[in-house]
Amino acid sequence: MVEETAETTTPATPSEEEATSSSTVDQITSLKDLGNEELQKGHYLKAIDYYSQGLELEPNHAVLLSNRAFVYIKIENYGLALQDAEASIQLDQTYAKAYYRRASANLALNHYKLARKDLKQVCLLKPKDRNARAKLQACEKAIKEEAFLKAIEAEHTAPLSQTYDPTTLVVNPKTYAGPQYTTTLPEGIDDEALLFQPGQLPRSFVMECIEWMRNEKQVHKRYVARVLLACKPLMEATPSLMHIPIPKQGPKEDMKPRLTVCGDTHGQFYDLLHIFENVNDGYPSATNPYVFNGDFVDRGSFSLEVILTLLLFKLNDPTSIYLTRGNHETKNMNKIYGFEGEVKAKYDDPIFQLFLEVFEWLPLAAVVEHAVFITHGGLPSDEPDSITTLEQISRIPRGMEPPESGLMSDLLWSDPQPFPGKSPSKRGVGFAFGPDITENFLKANNLQLLVRSHEVKEEGYLVEHGGKTITVFSAPNYCDTMGNKGALLHFSKDDSGQVVLPPEFVQYTAVPHPNVKPMQYAVGMGGLFQ
């Protein structure tokens with residue numbers, strides 16, 4: 001099959017043989033083999049390092065370039081993957097895997113027609129490869145689906161949430177023994193829909209749902225639909241830029257007031273429960289509020305449990321938890337990295353469509369106490385004479401999938417870089433922004449710190465840009481392979497009422513989870529990204 005693994009053999013071209021001594025060839029082969037071993041273990045950064053060392057010895061090595069492109073796709077660096085795949089193709093236009101890598105990166109970036117062109121080339125080069133033809137068919141299907149959806153949008157079809165009726169979903173006590181709120185309706189509330197309004201959902205019901213899901217059981221579809229139908233208007237009413245206070249009271253009597261900020265959780269439900277129960281002294285509440293900075297879903301195979309838990313707490317008490325949108329709260333990422341397949345396996349397509357409607361209205365950023373700016377990816381890479389303001393961010397329209405460029409795209413996708421200015425993103429979307437861009441943005445908006453997520457970090461967090469940028473990542477041992485710690489941040493105030501900076505960093509390690517591998521449900525594009 002073309003796509004499943006990195007290339008293990010090294011069919012040297014004549015130019016490689018001429019340019020490389022025998023000992024150097026042996027060294028390159030050794031580095032390639034070491035990279036492949038690390039790739040098989042899921043140690044992606046180590047694999048990239050070995051492939052890069054080999055390319056330092058021989059830059060014109062098609063196999064190493066293709067293998068590195070494969071790993072870049074694994075860590076969502078699609079821009080870098082495209083560069084390597086294209087270089088590999090230029091060196092060897094008969095190398096099928098290079099075309100396949102370029103197709104994979106373009107698919108992730110929604111460039112379906114470019115991907116189709118490369119997949120056709122793969123089929124020409126490998127006419128007997130059934131797997132390649134299956135991927136081409138999946139790409140063709142995606143192109144047709146995209147055209148169909150555009151046609152529907154042009155007809156202004158009403159959102160599913162306007163017509164979906166959860167009362168048609170009957171809860172049968174003979175077949176469902178899970179959480180049921182009908183026996184715990186508060187006095188004076190006799191309408192099921194009213195119970196799911198913000199601030200009305202009993203905490204006891206939330207905790208019963210969590211325990212039910214902890215045991216790998218599914219909350220009834222009727223209640224999941226109620227949660228989503230209630231959360232969509234709640235998110236619509238929340239501004240694109242939230243202003244979040246640090247509470248006046250601490251989680252416990254002997255603890256000072258604080259706000260907890262978490263980064264990516266990526267479907268790692270049991271690590272999320274570990275945060276609540278062991279790492280951070282309690283579940284979300286008005287006196288123990290959390291910010292979850294996007295990427296709740298995909299990769300991990302308990303994504304539905306993660307996002308449902310967060311939304312349940314949001315309905316229980318909107319001041320207990322704040323959610324910002326990540327680049328994985330999007331239709332294309334969900335198709336590729338598992339959430340769509342997971343929801344359809346556990347429920348059905350209408351429930352997935354309701355999730356997408358909620359995702360489209362998630363806020364894009366937050367400001368804590370007029371001092372700390374929080375967003376999933378990073379900053380818009382402006383010119384010095386036109387720095388983006390908080391007012392502009394607050395007016396970003398939502399209710400849509402992110403465009404390929406612009407403010408929303410930058411906030412969801414951008415990454416920091418150590419040197420000044422801006423550069424094309426390694427991901428193929430957004431930009432890389434330097435310390436000068438961070439400094440200018442913070443100064444122009446009277447802020448002190450940028451907190452973002454979006455990237456796995458070995459220690460769970462990383463401080464950059466002279467202390468002005470913090471990356472926080474809250475999924476330990478990401479995808480069961482990376483070996484990283486998870487981290488969260490605590491923000492508090494000093495006696496004068498000012499936010500204490502830097503925040504407190506709290507690290508933790510992964511906990512066991514049921515034997516369901518990451519990406520278990522990643523069936524989009526024929527499993528192209530598994």
Note to self: Going by side chain to side chain contact (heavy atoms under 4.5 Å, CB included), V367 matches just one of V372, I374, I244, L447. Which one?
What the structure shows: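 With V367 as partner, V372, I374, I244, L447 yield a single side chain to side chain contact (heavy atoms under 4.5 Å, CB included), made by L447.
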Next item on the list: Return the set of residues passing side-chain contact (heavy atoms from CB on, under 4.5 Å) with P424 (not counting sequence neighbours), or none when no residue passes.
Entry: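 With sequence neighbours excluded, P424 shows a side-chain contact (heavy atoms from CB on, under 4.5 Å) to no residue whatsoever.
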Checklist line | Partner set under side-chain contact (heavy atoms from CB on, under 4.5 Å) for P179, not counting sequence neighbours | finding: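 Partners of P179 by the side-chain contact (heavy atoms from CB on, under 4.5 Å) criterion, ordered by chain and then number, come out as Y176, F205, E208, C209, W212.
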If you look at every heavy atom in [X] and [Y], which pair is closest and at what distance?
X    : Y    : answer
E404 : L109 : OE2-O, 4.2 Å
V219 : M213 : CG2-CG, 4.0 Å
N332 : L107 : ND2-O, 3.4 Å
G263 : S474 : N-OG, 2.7 Å
R427 : W413 : CD-O, 3.5 Å
E342 : Y521 : N-CB, 3.3 Å

Is any side-chain heavy atom of [Y] closer than 4.5 Å to one of [X]?
X    : Y    : result
M235 : V358 : yes
S414 : L379 : no
L312 : V227 : yes
M408 : R325 : yes
L364 : L241 : no
E360 : R398 : no

So, do [X] and [Y] have ring centers that fall under 6.0 Å from each other?
X    : Y    : result
Y51  : F70  : no
H266 : Y478 : yes
Y290 : F313 : no

Scan side-chain atoms only and decide if [X] and [Y] contain a donor-acceptor pair under the 3.5 Å cut-off.
X    : Y    : value
H513 : D271 : no
E38  : Y44  : no
R452 : T375 : no
R258 : N280 : yes

Note to self: Using side-chain contact (heavy atoms from CB on, under 4.5 Å), reason through N327 and E76 one step at a time and then give a plain yes or no.
What the structure shows: CA-CA 11 Å; N327 64 299; E76 301 179 27; 3.7 Å; yes
Looking at [Y], is its backbone amide N or carbonyl O close enough to the side chain of [X] to form a donor-acceptor pair, meaning the two atoms are under 3.5 Å apart?
X    : Y    : result
K314 : P318 : yes
Q417 : F419 : yes
Q40  : E37  : no
S161 : L229 : no
Q507 : G460 : no
N316 : G199 : no

How long is the straight-line distance from [atom2] of [Y] back to [atom1] of [X], given to the nearest 0.5 Å?
X    : Y    : atom1 : atom2 : answer
F296 : L323 : CZ    : CG    : 4.5 Å
T438 : L449 : OG1   : CG    : 10.0 Å
T509 : N484 : OG1   : CG    : 10.5 Å
L136 : R116 : CG    : CZ    : 8.5 Å
F431 : K422 : CZ    : NZ    : 4.5 Å

Next item on the list: Run the salt-bridge test on D264 and R299 with the 4.0 Å N-O cut-off and return the result as yes or no.
Entry: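 Looking at D264 and R299, the cut-off is not met.
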Next item on the list: State which residue, out of R214, K217, K346, fulfils the salt bridge (Lys or Arg N to Asp or Glu O under 4.0 Å) condition with E305.
Entry: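 So the option named by the test is K346.
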Next item on the list: Give a yes or no on this: more than 12 heavy atoms of other residues, nucleotides or ligands lie within 6.0 Å of atom CD of E458.
Entry: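 Result for CD/E458: open.
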Next item on the list: Tell me, yes or no, whether the heavy-atom count around Y50 atom OH, taken from other residues, nucleotides or ligands under 6.0 Å, exceeds 12.
Entry: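 Counting other residues, nucleotides and ligands, OH of Y50 stays at 12 neighbours or fewer.
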Item checked: Stacked cation flag K232 on F355, 6.0 angstrom / 45 deg ->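 No, K232 does not sit over the ring of F355.
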